[in-house]
Number of protein chains: 2
Amino acid sequence: MPRKATSQDVADLAGVSRSAVSLVLNGRGAGNIAADKQALIVAAAQQLNYTPNTVALSLRSRRSSTIGVVTDAIATSAFGGQLLEGAADVAVAEGYLLLVIDTQNDLGRERRAYETLQNRQVDGFLFAAMSLRAYDVPTALRSATCALANCFDPADSAPAFIPDEVAGSRAVTQHLIDRGHRDIVMLTGTSDVVASGLREQGFAEAVAMAGLQVPGPVTAGWEIDKGYAAAMHVLSGDRPPTAIVCANDRSAVGVVLAAAHLGLSVPGELSVVGYDDDENVAPCLVPALTTVRLPHREMGERAMRVVLDRVLDDTPASAVSETRPALRTLLDCPLVIRESVAPPSR
Amino acid sequence: MPRKATSQDVADLAGVSRSAVSLVLNGRGAGNIAADKQALIVAAAQQLNYTPNTVALSLRSRRSSTIGVVTDAIATSAFGGQLLEGAADVAVAEGYLLLVIDTQNDLGRERRAYETLQNRQVDGFLFAAMSLRAYDVPTALRSATCALANCFDPADSAPAFIPDEVAGSRAVTQHLIDRGHRDIVMLTGTSDVVASGLREQGFAEAVAMAGLQVPGPVTAGWEIDKGYAAAMHVLSGDRPPTAIVCANDRSAVGVVLAAAHLGLSVPGELSVVGYDDDENVAPCLVPALTTVRLPHREMGERAMRVVLDRVLDDTPASAVSETRPALRTLLDCPLVIRESVAPPSR
DNA sequence: CTGAAAGCGCTTACAG
DNA sequence: CTGAAAGCGCTTACAG
């Protein structure tokens, strides 16, 4: 790679000092440098294709224009990318870049990730979980600028942006009730996932609010085959429901497949709703799936926004604790209505 | 954030010079620094929790220990994460971190991405495509250290690591033939995707090799509903096939669903195979899907390996062209046998 | 209005 | 065996 031009090169070519180059190129030439020299400098910079060396800038300013992102399992999820993309877009708009390290849920790796990132002089941290969960912010980071996306600190030591799972689940259940359903069963995910319980809660609230008896949830899981098996069980019972609320979109695929095997048309004889608005599944299932959208992109954007605002503010550490934003911000999970819901046939 | 300790702090605490600290901490103390001072320095470093400032290191060494990764659409794909994870793991093992920028397939963003990365003094570049394609390496990078993952330069200006799509498709088709199928139809993806044509080719080769007539492929697409519609069409024809080769796993979901609607059991009356080994689909479809695994992780690992080897070698630029590795490396796409294939029933 | 100096934190020749 | 100096590329007071 041909060595990049430095400000010295520009100064030499323009016949001025490095200081002058710096001043002019940073918009502080007016009133400091003669107009003709300014033009010379600009031309020289252009000619040499000069851009300042970010590393040198960082050393001097003691700012790296880099945010460290620690994530627990990015590869597992198709959603990880959206969260990260939202965060990256916000960062890039401010001239920031992301250094992301995936810990694969390994505590040792996590500790090393923070060390590595700290050595790289990142200006702030973002922790992003691929599935909603509690996350204990390491004490070493308590004094650093950081925010959480799709997770929250039980001790609330950092601002967190999480989906309003309860409201989302309530809304999609309510949608079913509004269309006339009275016999609704929920197929839940696994209890190790925080969202599972929250979605159950939203379901129960909507059902109870409608004056219906809350049926015991049926544990299914998150995969196609889990939804399939649970649906086979539920739909073969003595009093099958007219609608099924699934733990997520993939489980809904299993339900739709089970209905097909049972000769039940969807949504004619059975309404089905999912959760996630998984772009690879929901819009192209047959029929297209009514579901709830998880605000992954927004979580990334919002969390990065608060980190950046603090970093850019450059508030002295002492003033930081004064104006903390709301510690846990619940983000809307909008209902996405498609074709998998119809009024009950009986 | 409390200011990190510097080597000066360590030197002060140990009562020596910065040079001594540097020497000892970099393992060059023996024969240079007295044993007792060495101990003092190590102790001081430990006590202050000293780690060198990577930014300062970079400025001096003119190496950033960072590789720039430019990607075309990471968020769209569940696979993007695996490729990146493979690349990141290889990089981290060498003390390298990744700066990844997604261009969202926008040429302007791509140009700016390279500029940004170059300003950040990255030591090398990786370009990763989310879907196999041709990629013209910008001339500005011709002299830089770079490699391609899941894409290739038509001008072969950089080493590329891509999946052997033809062989993968051939193998899965052969598997069907081995199990006795003679009436096999392929549902293809869309022609804008390079892999589509390659998979067609592999299919045609296997069929021809078995002495069978090659049926015209049926264009379906990559989504569940596309596979569904195409399967409905093909299976309702006068002479339905006994097996269907799908463009990818998601399309196979549609095929399985269509079969269910038609009362055809899979694999009893219809065998179905996919492509991708999408972890969210293939292992948990009902029945679990026989498919072909795309080597995403390997592409990331291999491409990063060659970038790093060159960077670490520090070969003078002049010597680089001498020992170039094979320019396009085809990576194996292994057949993954599960439950969706059985001998034909007629 | 402009140039020389200092310093961000580090390592590596180079004197002593 | 050890410390002082130089330099990576930049910007910002500070003299002139």
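In what follows, every chain begins at residue 1, and chains take the letters A, B, ... in the order their sequences are listed.
As a whole-Å value, the separation of A/Arg63 CZ from C/dG9 P is 15 Å. Taking atom OH of B/Tyr50 as the reference point, atom C1' of C/dC10 lies 7 Å away to the nearest angstrom. Summarising the geometry, the separation between CZ on B/Arg60 and C1' on C/dA13 is reported as 9 Å, rounded to the nearest angstrom. To the nearest angstrom, P of C/dG3 lies 12 Å from CD of A/Gln8. Computed from coordinates, the A/Leu59 CG to D/dC10 P distance equals 12 Å when rounded to whole Å. We find that CD1 of B/Ile33 is positioned 7 Å from P of D/dG3, with the value rounded to whole Å. Rounded to an integer number of Å, the gap from CD1 of B/Ile41 to P of D/dC1 is 14 Å. Atom pair A/Leu40:CG and C/dT2:C1' shows a separation of 14 Å (rounding to whole Å applied).
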May I have the step-by-step check of side-chain contact (heavy atoms from CB on, under 4.5 Å) for B/Asp123 and B/Thr66, ending in yes or no? CA-CA 6 Å; B/Asp123 298 335; B/Thr66 304; 5.8 Å; no
Begin with the C-alpha distance, continue with both residues' side-chain angles, and end with the deciding distance and a verdict on salt bridge (Lys or Arg N to Asp or Glu O under 4.0 Å) for A/Arg109 and A/Asp102. CA-CA 8 Å; A/Arg109 286 174 86 123; A/Asp102 192 277; over 6 Å; no
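Which of D/dC8, C/dC10, D/dC10 sits closest to the side chain of A/Ala56 comes down to D/dC10. Looking at the side chain of B/Ala34, the nearest of the listed nucleotides C/dC10, D/dC1, D/dG3 is D/dC1.
Residues A/Val55 and B/Leu59 approach most closely at CG1-N, 3.5 Å, considering heavy atoms.
A salt bridge links B/Arg111 with B/Glu115: the distance from a Lys NZ or Arg NE/NH1/NH2 to an Asp or Glu carboxylate oxygen falls below 4.0 Å. A salt bridge is defined here as a Lys NZ or Arg NE, NH1 or NH2 lying under 4.0 Å from an Asp or Glu carboxylate O, and A/Asp72 with A/Arg133 meets this definition.
Within 4.0 Å (heavy atoms only), B/Ser19 reaches at least one base atom of the nucleic acid.
The phosphate of C/dC10 (OP1 or OP2) has a side-chain N or O of B/Ser7 nearer than 4.0 angstrom. In this model, the phosphate group of C/dC8 is not approached by any side-chain N or O of B/Asn53 to a distance below 4.0 Å at OP1 or OP2. An OP1 or OP2 oxygen of C/dG9 is reached within less than 4.0 angstrom by no side-chain nitrogen or oxygen of B/Thr6.
Map A/Leu57 and B/Lys37 each onto its nearest nucleotide of DNA chain D; the residue landing nearer the 5' end is B/Lys37. Residues B/Leu23 and B/Val55 each lie close to DNA chain C; by heavy-atom proximity, the contact nearer the 5' end of the strand is made by B/Val55.
For D/dA4, its base never sits under 3.5 Å from the side chain of B/Ser17 at any donor and acceptor pair.
Atom P of D/dC10 sits at a distance of 26 Å from the matching atom of C/dC1, rounded to the whole Å.
Nucleotide D/dA4 has no partner under the Watson-Crick or G-U criteria, as no pair reaches both atom distances under 3.5 Å.
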